[in-house]
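In this chain, residues are counted from 1 in sequence order. All values derive from a computational prediction rather than experimental measurement.
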Amino acid sequence: MTGTLPAPAGPTRPDAESALGAARIEALLDARSRALAERGRAPAEARARRRVLLCRIGAERVGLPLDAVAEVAPYRPCTPVPGAPPALIGLSGRGGALLSVLDLATALALPAPAADAPAHLVVLRRDNPRIGLRVERALAVLDALVDDGPAPPGRPVAGHARADAEDAEGFALLDLRALLQPFLGIAPRA
């Protein structure tokens, strides 16, 4: 009897590396690592979503609750109101009704755009008074992923959201009641 062992019975399994290839094995290990890293995090689909109108104001992006927006139109110069707060650009006629126009950048204490810069007017869904917000640009309507965290009460920025899971920077969500409170004398929320 010689010192060799008999061949195993049944089919033989080829070496995993030769069957899959080094690149495929690396891709599988990377996918497994990502899946393990995501464990315990809420999937993007499970996080709260909010329908918003995404607007740009200078270098900032903000989300306005879409249910509060009546329309978006090109901005037209307004009739100034003497003694008005700096954020109140003036009055304008829209659809046969008087509209008070606020500069959103000024209301949020951001640098105001040039008076003759192209802009959009976001007309809010409200009466007495009707209000429009001047924004640099209305970008898109989207279902934003709302980041976790309590909203600070009485502040115009009510939270933070992302356009999608890959949106690293995100944007501020606005609380229109808190934003308009100084201009309308609305009682703050308790």
Side-chain angles (χ1 to χ4, degrees), residues 44 47-147 149 151-186 188:
R47 291 194 313 205
R49 291 185 175 266
R50 185 174 298 161
R51 195 105 165 120
V52 299
L53 174 65
L54 184 63
C55 299
R56 186 175 64 231
I57 304 166
E60 302 293 326
R61 294 185 308 162
V62 297
L64 301 171
L66 190 61
D67 60 353
V69 175
E71 69 175 303
V72 176
Y75 171 76
R76 294 186 323 231
C78 301
T79 303
V81 176
L88 179 61
I89 300 169
L91 302 173
S92 181
R94 185 101 189 128
L98 195 58
L99 184 70
S100 299
V101 180
L102 296 173
D103 181 68
L104 189 55
T106 305
L108 293 172
L110 296 171
D116 60 347
H120 281 132
L121 178 69
V122 177
V123 179
L124 300 180
R125 199 178 294 277
R126 67 177 323 279
D127 292 318
N128 299 325
R130 288 189 44 148
I131 295 179
L133 301 173
R134 179 183 180 211
V135 298
E136 183 179 329
R137 184 112 177 120
L139 300 171
V141 171
L142 51 93
D143 287 319
L145 298 170
V146 178
D147 290 343
R155 304 286 313 265
V157 175
H160 191 263
R162 300 175 190 289
D164 56 36
E166 286 78 38
D167 181 8
E169 198 172 309
F171 55 90
L173 291 173
L174 296 186
D175 177 347
L176 291 177
R177 180 179 172 87
L179 177 77
L180 299 177
Q181 187 262 331
F183 305 102
L184 301 176
I186 301 171

Under-4.0 Å salt bridge between R155 and D175: no

To the nearest 0.5 angstrom, please state how far the OG atom of S92 sits from the CG atom of L121. 7.0 Å

Test side-chain contact (heavy atoms from CB on, under 4.5 Å), reference L133, set V101, V69, L124, output is L124

To the nearest 0.5 Å, how far apart are CG in L179 and CZ in R177? 12.5 Å

Could you report the tightest heavy-atom contact between P82 and P80, atom names first, then the distance? CD-O, 3.8 Å

I'd like to know if the side chain of H160 and the backbone of A172 have a donor-acceptor N/O pair within less than 3.5 Å. no

How many angstroms lie between CG in D147 and CG in L145, if you round to the nearest 0.5 Å? 8.0 Å

Step by step, work out the side chain to side chain contact (heavy atoms under 4.5 Å, CB included) result for L173 and V52. CA-CA 8 Å; L173 291 173; V52 299; 3.8 Å; yes

Take L91 and L99 through the test side chain to side chain contact (heavy atoms under 4.5 Å, CB included) and record every step on the way to the result. CA-CA 6 Å; L91 302 173; L99 184 70; over 6 Å; no

List the atom of A163, the atom of F171, and the distance in Å for their closest heavy-atom pair. N-CE2, 3.6 Å

Rounded to the nearest 0.5 Å, what's the gap from CG on L180 to CD1 on I131? Could you check? 4.5 Å

Distance check, rounded to the nearest 0.5 Å: L66 atom CG versus L142 atom CG? 9.5 Å

If you measure from SG on C55 to CG on L139, what distance do you get to the nearest 0.5 Å? 6.5 Å

Got P85 and F183 here, is their nearest side-chain heavy-atom distance under 4.5 Å? yes

Can you name the side-chain hydrogen bond (donor to acceptor under 3.5 Å, both in side chains) partners of S100, sequence neighbours left out? none

Would you sort out whether L54 and V62 count as a side chain to side chain contact (heavy atoms under 4.5 Å, CB included), showing the intermediate values? CA-CA 6 Å; L54 184 63; V62 297; over 6 Å; no

My understanding is that only residues two or more places apart in sequence, or in another chain, count here; which of them pass side-chain hydrogen bond (donor to acceptor under 3.5 Å, both in side chains) with R50? none

For residues 68-92, which residue pairs pass the salt bridge (charged side-chain N to carboxylate O under 4.0 Å, His left out) check, not counting sequence neighbours? E71-R94

Qualifying salt bridge (charged side-chain N to carboxylate O under 4.0 Å, His left out) pairs, either residue in residues 128-145, two or more places apart: R51-D143, R56-E136, D103-R134

Would R61 and D167 pass as an ion pair if we require N to O under 4.0 Å? yes

Could you walk me through whether D67 and R125 pass the salt bridge (Lys or Arg N to Asp or Glu O under 4.0 Å) test, one step at a time? CA-CA 8 Å; D67 60 353; R125 199 178 294 277; over 6 Å; no

Mind jotting down which residue pairs meet the salt bridge (charged side-chain N to carboxylate O under 4.0 Å, His left out) criterion with at least one end in residues 108-123? Sequence neighbours excluded, please. none

Sequence neighbours excluded, the answer for side chain to side chain contact (heavy atoms under 4.5 Å, CB included) partners of L110 is I57, E60, A105, L108

